[in-house]
Colleague: 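Here it is: the structure, laid out below.
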Amino acid sequence: MARGKKIYEGKAKDLFEGPEPGTIIQYFKDDATAFNAEKRDVIDGKGVLNNRLSEYFMVGLGQIGVPTHFLKRLNMREQLVRACEIIPLEVIVRNYAAGSLAKRLGLEEGTQLPRPIVEYSYKDDSLGDPLVTEEYIAAFGWASQQDMDDILSIALRVNDFLAGVMYGVGIKLIDFKIEIGRVYEGDFQRLVVADEISPDSCRLWDIESGQKLDKDVFRRDLGNLTDAYSEVARRLGVLPKNATPMQKPTLIN
């Protein structure tokens, strides 16, 4: 499927005009960044894995009635998605203390939280995606109160789905972040899960060993990132179970 002109270049993905009005082609790159892009590298095969894993999660969400922007995977690195207006927030759901939350509250990493905690950060790389409250969101008009109620509901449903899927393959869902978009159908607005869901946007630990299977492997120099993402893909059935670690993984269509 032919791509149109590039309309956005991000740290991990590029967006192109789609073949039909209201569609976008999302291209997954091998670039890896951390600490607000202060640390960078190119990880062979990362984009291929994230494309396939994001498809897996988006399709699964659709099957339980959570709307997403995903339409179909086109090839190893591209997927067709519905164009939407992205709400300028990262929606973060935390089940265990890790990363910035552990530092802010002085908690030991891996401490289970009393209940899932939902946080919001303002999407602005130049500001470091600062945390914001619902008061900020309402004051600046980024989302209405009804939007926020719906976003919270969507975030907790995504959490239930991801946590259950991961637990079934021996992985603990520590936290994750999603983006939400608005899709307009005439005068009707619908909120959908947008962007991607992948080990780039989740913290995933092996239940038994605590081994990290997410981008912390890159952030903290804990090993080969492709191997970690391939392990997640193997457990979920996206890669053959007997596949050996490889630089450019062979995925099941």
Side-chain angles (χ1 to χ4, degrees), residues 1 3 8-16 18-19 23-33 41-64 66-82 158-159 161-174 176-179 181 192-206 211-218 223-253:
M1 185 175 293
R3 295 192 305 226
Y8 174 79
E9 181 164 358
K11 290 178 287 189
K13 293 183 300 298
D14 291 337
L15 303 181
F16 298 85
T23 64
I24 288 173
I25 291 177
Q26 190 165 252
Y27 176 88
F28 287 76
K29 303 192 289 188
D30 283 342
D31 300 51
T33 62
D41 203 352
V42 176
I43 311 295
D44 227 11
K46 171 180 168 288
V48 174
L49 285 160
N50 279 349
N51 181 27
R52 185 62 182 86
L53 285 165
S54 191
E55 174 200 18
Y56 177 91
F57 295 127
M58 293 291 189
V59 169
L61 287 172
Q63 289 172 343
I64 63 167
V66 177
T68 78
H69 74 160
F70 180 83
L71 294 172
K72 64 178 178 179
R73 180 167 58 87
L74 300 175
N75 52 50
M76 299 296 275
R77 288 188 180 272
E78 295 178 329
Q79 54 185 233
L80 187 68
V81 301
R82 188 175 288 110
V158 173
N159 187 47
F161 169 75
L162 290 179
V165 167
M166 291 303 182
Y167 184 80
V169 294
I171 296 174
K172 187 185 294 184
L173 179 66
I174 303 300
F176 67 92
K177 64 182 178 182
I178 55 173
E179 294 184 17
V192 300
V193 179
D195 192 46
E196 69 175 291
I197 300 177
S198 74
D200 267 10
S201 58
C202 304
R203 277 193 174 90
L204 307 170
W205 295 3
D206 179 79
Q211 177 188 2
K212 293 175 173 58
L213 301 170
D214 54 67
K215 201 161 74 168
D216 275 348
V217 172
F218 173 70
N224 184 287
L225 192 65
T226 303
D227 288 350
Y229 287 16
S230 294
E231 177 63 18
V232 175
R234 270 194 294 271
R235 294 193 193 189
L236 293 171
V238 174
L239 275 177
K241 291 185 178 180
N242 60 351
T244 55
M246 56 187 77
Q247 288 295 94
K248 294 184 178 178
T250 301
L251 302 183
I252 298 173
N253 285 317

Colleague: What's the spacing between S54 OG and L49 CG if we round to 0.5 Å?
Modeller: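 Separation between the atoms: 12.0 Å.
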Colleague: Is there a side-chain contact between F57 and L53, using heavy atoms and a 4.5 Å cut-off?
Modeller: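 Of all side-chain heavy-atom pairs linking L53 with F57, at least one is under 4.5 Å.
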Colleague: Go through the steps to decide whether I197 and L61 satisfy the test side chain to side chain contact (heavy atoms under 4.5 Å, CB included), and finish with yes or no.
Modeller: CA-CA 11 Å; I197 300 177; L61 287 172; 3.6 Å; yes
Colleague: Ignoring hydrogens and angles, tell me if any N or O in the side chain of D41 forms a donor-acceptor pair with the backbone of A32 under 3.5 Å.
Modeller: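 Not a single qualifying donor-acceptor pair exists.
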Colleague: Under 3.5 Å, is there a donor-acceptor pair between the side chain of T33 and the main chain of K11?
Modeller: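 Between the backbone of K11 and the side chain of T33 there is no qualifying donor-acceptor contact (under 3.5 Å).
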Colleague: Step by step, would you call F70 with V192 a side chain to side chain contact (heavy atoms under 4.5 Å, CB included)?
Modeller: CA-CA 9 Å; F70 180 83; V192 300; over 6 Å; no
Colleague: By side chain to side chain donor-acceptor pair (under 3.5 Å), which residues pair with D31, not counting sequence neighbours?
Modeller: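 D31 satisfies side chain to side chain donor-acceptor pair (under 3.5 Å) with no residue once adjacent residues are dropped.
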Colleague: Considering all heavy atoms of both residues, which atom of D30 and which atom of V48 are nearest to each other, and what is their separation?
Modeller: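 Looking at all heavy atoms of both residues, the closest pair is OD1-N, 4.3 Å.
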Colleague: With side chain to side chain contact (heavy atoms under 4.5 Å, CB included) as the criterion, how do I64 and F161 come out once you've worked through the C-alpha distance, each side chain's angles and the decisive distance to 0.1 Å?
Modeller: CA-CA 9 Å; I64 63 167; F161 169 75; 3.8 Å; yes
Colleague: Answer yes when R234 and D227 have at least one side-chain N-carboxylate O distance shorter than 4.0 Å, and no when they do not.
Modeller: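 No salt bridge links R234 with D227.
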Colleague: From M58 CE over to T68 OG1, what is the distance, rounded to the nearest 0.5 angstrom?
Modeller: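 So the CE of M58 and the OG1 of T68 are separated by 5.5 Å.
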Colleague: Could you report the tightest heavy-atom contact between L74 and L80, atom names first, then the distance?
Modeller: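 Distance-wise, the nearest heavy atoms are CG-N, 3.9 Å.
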Colleague: Hey, are the side chains of H69 and Q26 touching, using non-hydrogen atoms and a 4.5 Å cut-off?
Modeller: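 Yes - at least one pair of side-chain heavy atoms lies under 4.5 Å apart.
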Colleague: Quick one: pull up CZ in R77 and CD1 in I25 and give me the separation to the nearest 0.5 Å.
Modeller: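 Separation between the atoms: 15.0 Å.
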Colleague: According to side chain to side chain contact (heavy atoms under 4.5 Å, CB included), who are the partners of D200, at least two apart in sequence or on a separate chain?
Modeller: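 Partners of D200 by the side chain to side chain contact (heavy atoms under 4.5 Å, CB included) criterion, ordered by chain and then number, come out as A12, K46, N50, E196, S198, K215, Y229.
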Colleague: Apply salt bridge (charged side-chain N to carboxylate O under 4.0 Å, His left out) to R82 and list each qualifying residue two or more places apart in sequence or on a separate chain.
Modeller: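 Testing R82 for salt bridge (charged side-chain N to carboxylate O under 4.0 Å, His left out), a comparison that skips the adjacent residues, returns none.
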Colleague: Inspect the contact between E9 and K29 and indicate whether a charged nitrogen and a carboxylate oxygen are less than 4.0 angstrom apart.
Modeller: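 Result for this pair is yes, salt bridge flagged.
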Colleague: Could you walk me through whether L204 and I174 pass the side chain to side chain contact (heavy atoms under 4.5 Å, CB included) check?
Modeller: CA-CA 6 Å; L204 307 170; I174 303 300; over 6 Å; no
Colleague: Is a side-chain donor or acceptor of N224 paired with a backbone partner of T226 at a separation under 3.5 angstrom?
Modeller: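 Judged by distance alone, yes, a pair lies under 3.5 Å.
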Colleague: I178 versus D195: any side-chain heavy-atom pair under 4.5 Å?
Modeller: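 Contact flag for I178/D195 side chains = no.
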Colleague: With no hydrogens and no angle check, just 3.5 Å: does a side-chain donor-acceptor pair link Q79 and N51?
Modeller: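 On atom types as modelled, these side chains qualify, holding a pair under 3.5 Å.
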Colleague: Who pairs with E179 by salt bridge (charged side-chain N to carboxylate O under 4.0 Å, His left out), at least two apart in sequence or on another chain?
Modeller: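 If we apply the salt bridge (charged side-chain N to carboxylate O under 4.0 Å, His left out) test to E179, skipping adjacent residues, the hits are K123.
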Colleague: If the condition is side chain to side chain contact (heavy atoms under 4.5 Å, CB included), which residues does N159 pass it with, not counting sequence neighbours?
Modeller: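 Expected list: V93, N95, P116, L173, F176.
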Colleague: Salt bridge (charged side-chain N to carboxylate O under 4.0 Å, His left out) with K177: which residues, sequence neighbours excluded?
Modeller: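 So K177 forms a salt bridge (charged side-chain N to carboxylate O under 4.0 Å, His left out) with E90.
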Colleague: Under a 3.5 Å distance rule, please check whether K72 uses its side chain to pair with a backbone N or O of V81 as donor and acceptor.
Modeller: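 No, K72 side chain to V81 backbone: no donor-acceptor pair under 3.5 Å.
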Colleague: Tell me every residue that passes side chain to side chain contact (heavy atoms under 4.5 Å, CB included) with Q63, counting only those two or more places apart in sequence or in another chain.
Modeller: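 Checked Q63 against side chain to side chain contact (heavy atoms under 4.5 Å, CB included); matches are V59.
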Colleague: Spell out, as yes or no, whether a donor-acceptor pair under 3.5 Å connects the side chain of R73 to the backbone of E55.
Modeller: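 No, because the side chain of R73 does not come within donor-acceptor range (under 3.5 Å) of the backbone of E55.
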Colleague: For G181 and A194, work out which heavy atoms get closest and say how close.
Modeller: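 Smallest heavy-atom distance, with atoms named: N-CB, 4.1 Å.
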Colleague: Examine distances only and state if a side-chain atom of R203 and a backbone atom of D216 form a donor-acceptor pair shorter than 3.5 Å.
Modeller: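 Judged by distance alone, no pair lies under 3.5 Å.
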Colleague: For W205, does the six-membered ring have the charged nitrogen or CZ of K172 within the cation-pi criterion, i.e. under 6.0 angstrom from the centroid and within 45° of the normal?
Modeller: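 So K172 doesn't make the cation-pi contact.
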